[in-house]
Protein chains: 2
Amino acid sequence: MGISDRKEREREELRDRILVAAKALFLEKGFEKTSIRNIADRIEYSPGIIYHYFRDKNEIFHALHQGGFLQLMERMKVLTSVRNPMERLKAMGSIYVEFALENPDMYDLMFIKEAPIDHVFNSEHDQWKEGGGTFNYLRSTIDDCIREGHFSGHDSEALSYLIWSTVHGMVSLSIRKRCEVVLPIRQDKIVVDGLEEFFKILDRL
Amino acid sequence: MGISDRKEREREELRDRILVAAKALFLEKGFEKTSIRNIADRIEYSPGIIYHYFRDKNEIFHALHQGGFLQLMERMKVLTSVRNPMERLKAMGSIYVEFALENPDMYDLMFIKEAPIDHVFNSEHDQWKEGGGTFNYLRSTIDDCIREGHFSGHDSEALSYLIWSTVHGMVSLSIRKRCEVVLPIRQDKIVVDGLEEFFKILDRL
DNA sequence: AAAAGTAATTAAACAGTGTTTAAAAAGTCT
DNA sequence: AGACTTTTTAAACACTGTTTAATTACTTTT
């Protein structure tokens, strides 16, 4: 049936347009301040139509959420070419921070915003599994470092969490504007500077 | 004038009741989901009254925000009795994490939530100055550590930011429920475990 | 004690929100 | 061309933060 094929295609097209509009608006004005009517306006449809493609506003959030993980994972792919595990670990940190600073709103969406957890985490084929995959990759990289004699006396899982937290902490304080006041001068450089200090520490472990 | 004294007292009493109600509701259902009408209901006044005590909803947020910093600073006072700067630094981390885990919603309010920055930071006699004071105390503690031969080759400001970020990262990932999925088993222990790993690292610097 | 003046409090309205409903329009099939 | 589906919409519901003018309560003055 050619017709239902086209219908299916058109359906997906509109779904995509909703997502594109929603993403643009979320990144423009934030999740909370973007209304269903705003999204509908932008794609020149009535608000109601959106509920034929997403159960509610959170499901739109969820869809974008998944896209963010795909983006981040894409960037992580170059790490396979870094053989030295300590170098790989540091490169991972750089990529993570770079991604966060270049896509602050997407990062916010993925790691900071309090999302209706049911929607974000409960579904089966969830990209958080991939997010977890990224975490597991961090863990296995750290395991590799341990095998090479680094981080002796550490628990790899807790250490992984610590290291993830360190980069997350720096970018999230920056994104949520908690350093502008405390560090009035070097606002924009502080995350990169902090990461540098972090690398200095890692080099000694 | 006894009468205007009483009036002043009554005014402050009602202001307090609004704050108490708002805090309870914020911690119950979150900032976004708490409405002015909810707060008014709880104190058995009409919604309009709240605008005679606070310019808008954000100013209520702001008032609570300040209270949080006072609480945290209160806890930090015991640190003056810890002479060894490295021990003081670690104790500071413990207090910070303890405060965050015991008052997750207040911590959220203080360090995670995106607040209307104008209100939160622009006022003169702002508790963020005290928050900044806490950060400066961290910095001076780290300076003390450096004077004792620790952290050689590090920039103290960037290092302070890094260390703050580390503890902030751990508690904020926990508060915003990003570890439940990645670390399904040790959810509640992971922050404390991570802090332990952090201390192990600090002991070597 | 009664009138005047001031401060505290409210009801009502405005423009916006997410979401649901039933009706209308458009497209497809017999 | 008429019956049947799907897509789309307008309208409504119960909320939201905030502002306004009106009302009530209280204090001061006469």
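Order of the sequence lines sets the chain letters (A, B, ...), proteins ahead of strands, with each chain counted from 1. Predicted model only: the values in this text are computed from it and were never measured.
- A:Ala158 approaches B:Ile190 most closely through the heavy-atom pair CA-CD1, 4.1 Å.
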N/O contacts under 3.5 Å, protein versus nucleotides 18-23 of chain D?
unit_1 : atom_1 : unit_2  : atom_2 : d
D:dT18 : OP2    : B:Tyr51 : OH     : 2.8
D:dT18 : OP2    : B:Lys57 : N      : 2.9
D:dT18 : O5'    : B:Tyr51 : OH     : 3.3
D:dT18 : O4     : B:Arg37 : NH2    : 3.4

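- Between the CZ atom of B:Arg9 and the P atom of C:dA8 there is a distance of 14 Å, rounded to whole Å.
- Atoms CG (B:Asn38) and C1' (D:dT16) sit 10 Å apart, rounded to a whole Å.
- A distance of 9.5 Å separates CD1 in B:Ile163 from CD in A:Glu197, rounded to the nearest 0.5 Å.
- In this structure, A:Ile60 atom CD1 and C:dT19 atom C1' are separated by 12 Å, rounded to whole Å.
- One can place CZ of B:Arg15 at 14 Å from P of C:dA8, the figure rounded to the nearest angstrom.
- A side-chain donor-acceptor contact under 3.5 Å links A:Asp56 to the backbone of A:Glu59.
- Nucleotide C:dA25 holds its P atom 17 Å from the OH atom of A:Tyr45, rounded to whole Å.
- Applying the 4.0 Å criterion to OP1 and OP2 of C:dT17, one finds that A:Ser35 has a side-chain N or O inside that range.
- Note on A:Leu14: only backbone sugar-phosphate atoms sit closer than 4.0 angstrom, heavy atoms only; bases stay farther off.
- B:Ile49 places its CD1 atom 13 Å from the C1' atom of C:dA11, with the value rounded to the nearest Å.
- What separates CD of A:Glu32 from C1' of D:dT16 is a distance of 13 Å, to the nearest Å.
- A distance of 4.5 Å separates CG of B:Asn103 from CZ of B:Phe99, quoted to the nearest 0.5 Å.
- In this structure, the separation between CD on B:Gln71 and CE on B:Met110 is 7.5 Å, given to the nearest 0.5 Å.
- Cation-pi geometry between B:Arg11 and B:Tyr53 is met: under 6.0 angstrom from the ring centre, within 45 degrees of the axis.
- The nearest whole Å value for the distance from the CZ atom in B:Arg17 to the C1' atom in C:dA8 is 14 Å.
- In this structure, B:Tyr53 reaches the C:dT9 phosphate: one of its side-chain N or O atoms is under 4.0 Å from OP1 or OP2.
- Of the possible donor and acceptor atoms, none in the side chain of B:Arg15 sits under 3.5 Å from a partner among the backbone N and O of B:Glu13.
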